[in-house]
Colleague: 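Provided herewith is a single structure, encoded as C-alpha cells, for subsequent inquiry.
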Amino acid sequence: MIRSILIHPDPRLKKVCDPVTGISPELGKLAEDMLETMYDAPGIGLAAPQIGVTKRLIVMDCIKTDEGAPRPMVLFNPEITWSSEDLSTYDEGCLSIPDQYAEVDRPSQVRVRWTGLDGQSHEDQFAGIWATCVQHEIDHLNGKLFIDYLGPLKRQMITRKMEKLKRELARQG
Ligand code: K1U
Ligand code: ZN
C-alpha cells in the first residue's frame, strides 16, 4: 500500500524516533509499504517518520533502473559505527521537501549496524550514493533534515516555499 509522504514543515519530521523492539509481521508490512511508497515517489530512500510513523526504520535502494536488478534494503534501528574522515558532496533532495536540492557534505564512507527483517544483527560499509543516502535517512530518525545543514537564509527560503506548497495542496483538497 502506498502511504502519503509528509511535507516539511511538520512536527512529526522533527521528532527523535523510538527504537523498534522485535520484528513483528506488522513491522514487515510497514517496511513493504515504505518500499512501495519509495519506488512510487520515486526515491532512493525513505524513513518511517516521512509517512508519520515515529519508529527507527528506513528503506533504501540506490540502484539506478538501468544498472540492473533492484536492491531493496530494510534497516531497523540503524546506527553508524564508523565514519570516514574524508567527505563527499552530493546535491541532495528529499521526498518531504519536493523539488528543492542543495549540496551537503557528509563522510564519504560509513559503517552501519542494523537489525534486518530476519531479526538478525547486520553490519556493512557503505560508499558513494549509498553512504549519502543512509546518512540522510538516519538523520530523519533523529528529526534532522538536509536543510538543517544549510545557512539560515537558504533554509528559511525553502521552508517558506514548502509552507506555500502545503497551502496550495490543502486548497486543492
Ligand atoms: O529520504 C528521502 O527523502 C528520500 C531521498 C533520499 C536521498 C536523495 C538524495 C541524497 C540523499 C538521500 C530521495 O530519494 S529524493 C529523490 C531522489 O534523489 C531520486 C529520485 C529518483 C531517482 C534518483 C534519485
Ligand atoms: Zn529526506
Side-chain angles (χ1 to χ4, degrees), residues 1-18 20 30-80 83-84 86-112 114 124-150 154-163 165-166 169:
M1 187 176 84
I2 293 167
R3 311 277 198 111
S4 342
I5 297 175
L6 299 178
I7 306 290
H8 164 75
D10 187 295
R12 288 165 287 182
L13 293 171
K14 299 307 296 171
K15 288 220 166 107
V16 176
C17 296
D18 300 319
V20 166
L30 174 63
E32 191 183 297
D33 285 356
M34 284 174 58
L35 281 168
E36 200 181 337
T37 305
M38 178 192 80
Y39 286 123
D40 176 71
I44 55 172
L46 190 70
Q50 293 182 276
I51 57 160
V53 177
T54 51
K55 290 184 196 301
R56 302 190 79 81
L57 165 60
I58 65 173
V59 298
M60 304 192 290
D61 187 349
C62 300
I63 301 281
K64 292 192 185 120
T65 39
D66 58 356
E67 256 179 16
R71 190 167 172 228
M73 292 195 74
V74 174
L75 293 78
F76 295 97
N77 301 330
E79 276 177 80
I80 295 174
S83 303
S84 65
D86 59 306
L87 304 179
S88 60
T89 306
Y90 195 89
D91 202 24
E92 293 193 21
C94 180
L95 296 174
S96 296
I97 310 177
D99 303 321
Q100 305 298 316
Y101 298 88
E103 288 193 343
V104 178
D105 297 327
R106 298 184 187 268
S108 58
Q109 295 187 53
V110 285
R111 276 194 80 76
V112 179
W114 72 93
D124 207 349
Q125 193 150 322
F126 294 83
I129 182 59
W130 287 91
T132 299
C133 188
V134 76
Q135 291 174 80
H136 176 116
E137 301 310 332
I138 292 173
D139 273 353
H140 272 301
L141 304 183
N142 295 321
K144 191 162 183 172
L145 301 172
F146 81 89
I147 56 169
D148 295 324
Y149 293 96
L150 310 179
K154 198 150 189 209
R155 186 166 59 240
Q156 201 174 66
M157 193 186 72
I158 292 176
T159 299
R160 289 203 175 128
K161 279 188 189 166
M162 291 301 104
E163 284 166 341
L165 172 69
K166 286 177 77 170
L169 291 173

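The basis for the numbers below is simple: all heavy atoms, side chains too, and nothing from hydrogens, waters or symmetry mates. Each residue takes its place number in the sequence, starting with 1. Atoms within each ligand, like the ligands themselves, are counted from 1 in listed order.
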Colleague: Which residue and atom name correspond to the protein heavy atom nearest atom 9 (C) of ligand 1, and how close is it?
Modeller: Gly93 N, 3.7 Å
Colleague: Between Arg12 and Pro49, is there a donor-acceptor pair closer than 3.5 Å when you use the side chain of the first and the backbone of the second?
Modeller: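 No, the answer is negative, given that no donor and acceptor are paired below the 3.5 Å cut-off.
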Colleague: Treating Asp33 as the side-chain partner and Met1 as the backbone partner, does any N or O pair qualify as donor plus acceptor under 3.5 Å?
Modeller: yes
Colleague: Checking the side chain of Ser96 only, and the main-chain atoms of Gln50 only, is there a donor and an acceptor separated by less than 3.5 Å?
Modeller: no
Colleague: Can you confirm, on distance only, whether ligand 1 has an N/O atom lying under 3.5 Å from any N/O atom belonging to Ile129?
Modeller: no
Colleague: For atom 10 (C) of ligand 1, find the nearest protein heavy atom and state the residue, atom name and distance (0.1 Å precision).
Modeller: Glu92 CG, 3.7 Å
Colleague: Nearest protein heavy atom to atom 11 (C) of ligand 1, by residue and atom, and its distance?
Modeller: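 Going atom by atom, the protein heavy atom closest to atom 11 (C) of ligand 1 ends up being His136 ND1, 3.7 Å.
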Colleague: Main chain of Lys144, side chain of Asn142: is a donor-acceptor contact present, judged purely on distance under 3.5 Å?
Modeller: no
Colleague: Please state whether the rings of Trp130 and Phe126 are parallel, tilted or perpendicular, taking 30° and 60° as the class boundaries.
Modeller: tilted
Colleague: Looking at atom 21 (C) of ligand 1, what's its closest protein heavy atom, distance included?
Modeller: Pro42 O, 3.7 Å
Colleague: Using distance alone, decide if ligand 1 has a nitrogen or oxygen within less than 3.5 Å of any nitrogen or oxygen in Leu46.
Modeller: no
Colleague: Between Gln50 and ligand 1, is there a nitrogen or oxygen pair with a distance under 3.5 Å?
Modeller: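 Gln50 vs ligand 1: N/O contact under 3.5 Å present.
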Colleague: How wide is the angle at the Zn ion (ligand 2) between NE2 of His136 and SG of Cys94, to the nearest 10°?
Modeller: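 That angle is 120°.
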Colleague: With heavy atoms of Gly43 as the reference, note each atom of ligand 1 found under 4.0 Å away.
Modeller: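 Taking each heavy atom of Gly43 in turn, ligand 1 has 14 (O), 20 (C) under 4.0 Å.
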Colleague: Taking atom types as modelled, find out whether Thr89 and Glu103 have a side-chain donor-acceptor pair closer than 3.5 angstrom.
Modeller: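 No, because no side-chain N or O of Thr89 sits under 3.5 Å from a partner of the opposite role on Glu103.
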Colleague: Please could you name the atoms of ligand 1 that Cys94 approaches to less than 4.0 Å, counting only its heavy atoms?
Modeller: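 Reading through ligand 1 atom by atom, the close ones are 3 (O), 15 (S).
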Colleague: Which atom name would you report as the N, O or S atom of His140 nearest the Zn ion (ligand 2)?
Modeller: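 Among the N, O or S atoms of His140, the one closest to the Zn ion (ligand 2) is NE2.
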Colleague: Counting both backbone and side chain atoms, is some N or O of Tyr90 under 3.5 Å from an N or O of ligand 1?
Modeller: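 No; every N/O pair is 3.5 Å or more apart.
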Colleague: For Gln109 and Gln125, indicate whether the former's side chain and the latter's backbone hold a donor-acceptor pair under 3.5 Å.
Modeller: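 Checking the backbone N and O of Gln125 against the side chain of Gln109, no donor-acceptor pair under 3.5 Å is found.
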Colleague: Could you list which atoms of ligand 1 come closer than 4.0 Å to a heavy atom of His140?
Modeller: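 Atoms satisfying the 4.0 Å criterion: 1 (O), 3 (O).
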Colleague: Between Glu137 and ligand 1, which residue portion shows a heavy-atom distance shorter than 4.0 Å: side chain, backbone, both, or neither?
Modeller: side chain
Colleague: When you measure from the side chain of Asp148 to the backbone of Leu145, do you find a donor-acceptor pair of N or O atoms at a distance under 3.5 Å?
Modeller: yes
Colleague: Among all protein heavy atoms in this structure, tell me which lies nearest to atom 3 (O) of ligand 1, with the distance rounded to 0.1 Å.
Modeller: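 Checking every protein heavy atom, the shortest distance to atom 3 (O) of ligand 1 gives Leu95 N, 2.8 Å.
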Colleague: Verify the neighbour count for atom NZ of Lys55: are there more than 12 heavy atoms of other residues, nucleotides or ligands below 6.0 Å?
Modeller: no
Colleague: Nearest protein heavy-atom contact for atom 22 (C) of ligand 1: which residue, which atom, what distance?
Modeller: Ile44 CG2, 4.6 Å
Colleague: Spell out, as yes or no, whether a donor-acceptor pair under 3.5 Å connects the side chain of Arg56 to the backbone of Leu141.
Modeller: yes
Colleague: Under the side-chain hydrogen bond (donor to acceptor under 3.5 Å, both in side chains) test, which residues partner Glu36, sequence neighbours left out?
Modeller: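 Scan of Glu36 (side-chain hydrogen bond (donor to acceptor under 3.5 Å, both in side chains), adjacent residues dropped) gives none.
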Colleague: Can you tell me the protein heavy atom closest to atom 4 (C) of ligand 1 and the distance?
Modeller: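 The closest one turns out to be Gly45 O, 3.1 Å.
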